[in-house]
Amino acid sequence: MNRYEPREIEGKWQRLWADEGTWEVPNPGADGFDPEKPKAYVLEMLPYPSGEPHVGHLKCYSVGDAIAHFRRRNGFEVIHPMGYDSFGLPAENNAIKTGEPPRVATERSIDSFRRQFTEWGVSIDWNREIATHTPEYYRWTQWIFLQLFHRGLAYRTRAPVQWCPNDATVLANEQVVDGRCERCGTEVETRNLRQWFFRTTEYADQLLADFEKLDSWPEHVITMQKNWIGRSEGAEVVFRCEEAGLDFPVFTTRPDTLFGATFFVIAPEHPELEKLVAGTGAEEAVREYVNEVARATVQERGDEGRPKTGVPLGRTVANPVNGEEIPMFVADYVLMDYGTGAVMAVPGHDERDFAFARAFDLPVRRVIGPAADEGPGDEGPGGEGPGGEDSEGELPYTGDGPMVNSGRFDGLDNREAYDQIVAWLDREGRGEASVNYRLRDWLVSRQRYWGAPIPIIYCDRCGTVPVPEDQLPVELPEIGDYAPRGQSPLEAAPDWVNTSCPECGGEARRETDTMDTFVDSSWYFLRYLDPDNDQEAFSRESADHWMAVDQYIGGVEHAILHLLYARFFTKALADMGFLGVSEPFSNLFTQGMITRDGAKMTKSRGNTVSPAEYVARHGADAARTYVCFMGPPERGGDWTDEGVEGVHRFLSRLWRAADEIAGSGDTGSGPADSTALADGAGGDTRELLAKAHWAIEKATGDFNRGFQFNTVIAAVMELVNEIYRVKDGLLEDATGREALRFATTTAASLIQPFAPHLAAEVYERLTGDRVWEVPWPEADPAMLRSDTVKIVVQVNGKVRDRIEVAEGAAEEEILAAARSAANVTRHLEGSEVVKEILVPGKLVNLVARPA
RNA sequence: GCCCGGAUGGCGGAAUGGUAGACGCUGCGGCCUUAAAAGCCGCUGUCCCCAUCGGGGGCGUGCGGGUUCGAAUCCCGCUCCGGGCACCA
């Protein structure tokens, strides 16, 4: 008998697939393109090539490849490309340390990734491979930047931005977590710099509304994005400071509490602050406070539990609803980059305003009573009933109720008052309904070397001039020193920086910042569709055919950043007429993280798993199948060596069964016909065939039901166990051998999405056919039925016996058999049956009561 | 604090109103072998009872209640663990 040698088998099939270009698919208009064939775009998130792929990659591409194979065998033309997110900080930081150019290290990593993906046997159309650091790619990243610029969606402005002192660059809001740099964990600082932004806020509403257009995204990812966009409805209300001659609009979600405003707060960065305090005598104290706030880290300022601080300004503003003059303060709990940078403070109905009022001993006024229907039957502590002093209720009160202390609105339900007050403000020209978002514009400038240069030139005469499209790409120059010094390392390449103005031809300077690498990965799925096009980023025709991505697979850690940016790009490109779809990813699958010894794998813990090592030891098929078998793929799992070995053992059993059957002499060729075989067959032959059809049914169902790969694989394991149970007996005769051949080829066929090499080998040996070209099997309903069914008999809900009855037996017949089952009669002794429940094909429950 | 997940044998998990623990791992036993490895076969939630093969019963899906003939599954109230958000007016 031969041994299962995965490395030999895998190498053989990988060479064949590469030589034949098995996974390559043609674009519309190309040779072999079939317009009738439905397409499926299966895509895993673009990997960042660093060193070697880790188990997270193994899982992602194993899951994605299983889906790709399954779709192909269900009749789809599957586009399944691969590339590299090859700009980015790790390569650059390595360059700073070692002096080795980032390109060299990056391309070495890319080679390693490509080699391993090949060794894993992932079914990739390598003709479409891209890498974002190549001029052929970033030329079009720059081109898209220019399109956004022309449309007003890319702009440059001076703004307070978050600066990471360690990485020496600014960061997008999304890249700051708890006041720290998401990448390196350093506390970020606020700096006031001129930077490039993409106007993501322009699409805030559409980004929210279009969740409707998605077929299947995990609910929690949608929730996370909704929270991130943070839409709030409210009103903009103008408060006027007559002494300073200034108007201060505020945004509030609670215009119904307007009569409760007892003071007014503006942010320390508010542009009118200096003008406002001039001549009040508070200038010095305010300046000191503002400086103090500026020194604090973003994290310190963001701490919610911190006591409220602030400084009175010696000015008042008039409350538009009642003309009341209320004092103004500057305080850092008001943020400049949300709303208008100023708030009306209603301490009676807002926690934060309440805390500030306590600290500064300011009046607190109730303007909404507790809801009248606090619950009549509700036995609250000291429930005094409606006659009690309900205005003594706890403040701040953030619930609903009737209006009080609100002039002509008193007595109204506060929801109703909300609408009336907004309408009144509108009529008086003092305010209007308004919507605010938490989402900010996307800061894309980075003061780093290893990214796509921003294609802009600054000319003293002409101002900010976009690089003409025919001069793209603006190539990244070679430089000698990559160390960041608070400005882009590109400043150190004078030949490159100094250029001529495309408009007037005079002396001009290039923009030296590069783009955030999330820009590169916001459109790569479009470049795959037309990777060699040197006239366009992608042709409209190719995008119309292949988009949207039918199944996107990746880690949940990209739930906000990458997915939001890619959605923004898609919408902008669609609005500019380059695309016919406005959502890039119809279906999203987020795979769970693999841990080791219950902990996240990190180099410092020393608990990392090298996929290459396991592929070398047990084969790619075992490694791939194992990561899909660990548990439901959307959940995480703990890697164990025994687990991989178990899967290897299973594949090995399948291989040896096939080897034995193939070596047993006269077997048929081509696929075995199980229907013909089943005709008149009994005993083990019949049972084996039935098990094979059961496995087809189970595997197909679980595949379609949210990619439950663990149970798909378990079903095939059961089939293989059944093959072993009957194998020795059935090898005796031709019919038995044919049944075994059918069961074994079925097992190979069902395991093919996970273990494509082994499946190809087994299938070819037993049928002469290529399994990846064979349609996904279909279960024969006739084979799923059996002549008899086992029925569980319960007495009062407890299982007491099992009976076997003919399929389709009459109800009375089954109940009679149930009542007379040996162990049932014992439990019914001295009782009478008062109710009989029959679940067809499953169970009988006899409800008995003492007689 | 708010919003999402999750909790089932020694372990990963299966079962989404109808036999709890499929499948895999671990462990134990048997066969094969001079021996070992590999392989093959069997057992493996827990406690108890009768017994020779075997058979029977109690308990059991984080905790407490409820609905139902029947609940891991549905409802109400908790506990713990994981993730996300958090001075966003």
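For the pair A:R800 and B:G57, the criterion of a side-chain N or O lying under 4.0 Å from OP1 or OP2 is met. Residue A:Q708 places at least one side-chain N or O closer than 4.0 Å to OP1 or OP2 of B:A15. For A:H220, no side-chain nitrogen or oxygen approaches OP1 or OP2 of B:C85 to under 4.0 Å. For A:R635 and B:G83, the shortest distance from a side-chain N or O to OP1 or OP2 is not below 4.0 Å. Side-chain nitrogen and oxygen atoms of A:K727 include none within less than 4.0 Å of the OP1 or OP2 phosphate oxygen of B:C41. The phosphate of B:C40 (OP1 or OP2) has a side-chain N or O of A:R656 nearer than 4.0 angstrom.
B:G83 atom C1' lies 16 Å from atom CD of A:E219, rounded to whole Å. Between the CD1 atom of A:I791 and the P atom of B:G70 there is a distance of 20 Å, given to the nearest Å. Atom-to-atom, CD of A:E804 to P of B:U19 comes out at 17 Å; the value is rounded to the nearest Å.
In terms of polar N and O atoms assigned as donor or acceptor, the side chain of A:N227 never comes within less than 3.5 Å of the base of B:C85 in a complementary pairing.
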Exercise. Convert the base pairs of RNA chain B into dot-bracket notation, remembering that pairs crossing earlier ones are written with [ ] and that bases paired across to another strand are shown as |; include only Watson-Crick or G-U pairs under 3.5 Å.
Key: (((((((..(((.....[....))).(((((.......))))).((((((...))))))..(((((..]....))))))))))))....
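Salt-bridge check for A:E804 with A:R802: failed, with every basic side-chain N at 4.0 Å or more from each acidic carboxylate O. Salt bridge absent: A:R819 and A:D801 never bring a charged side-chain N and a carboxylate O closer than 4.0 Å.
For A:Y724, whose side chain is taken as the heavy atoms from C-beta onward, the closest listed nucleotide among B:C85, B:U19, B:C40 is B:C40. The nucleotide whose nearest atom lies closest to any side-chain atom of A:R826 is, among B:G56, B:C69, B:C87, B:G56. Counting only heavy atoms from C-beta on, A:T252 has its side chain closest to B:A89 among B:G18, B:C69, B:A89. Comparing B:C85, B:U19, B:G84 by their closest approach to the side chain of A:M224 singles out B:G84.
Summarising the local packing, CD of A:E5 is surrounded by more than 12 heavy atoms from other residues, nucleotides or ligands at distances under 6.0 Å. No more than 12 heavy atoms of other residues, nucleotides or ligands sit less than 6.0 Å from atom CZ of A:R358.
Comparing B:A20 with B:G6, their P atoms are spaced 24 Å from each other, to the whole Å. Between B:G60 and B:U46, the distance separating the two P atoms is 16 Å to the nearest Å.
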Quiz item: For every nucleotide of nucleotides 21-28 of chain B, 5' to 3': is a protein heavy atom under 4.0 Å from its base (B), only from its sugar-phosphate (S), or from neither (-)?
Solution: -BBSSS--
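Heavy atoms of A:V847 sit under 4.0 angstrom from primed sugar atoms or phosphate atoms, though from no base atom.
Remark: aromatic rings of A:Y437 and A:Y338 are distant, center separation not under 6.0 Å. Two rings, from A:F650 and A:W655, have their centers 6.0 Å or more apart. The aromatic ring centroids of A:H349 and A:F354 lie 6.0 Å or more from each other.
Listed by chain and number, the residues in a side chain to side chain contact (heavy atoms under 4.5 Å, CB included) with A:A357 are A:F263, A:P347, A:L362, A:V364 (sequence neighbours excluded).
Taking syn as a glycosidic angle within 90° of 0, B:G82 does not qualify and is anti.
In this structure a side-chain-to-backbone donor-acceptor pair under 3.5 Å is present from A:N607 to A:K600.
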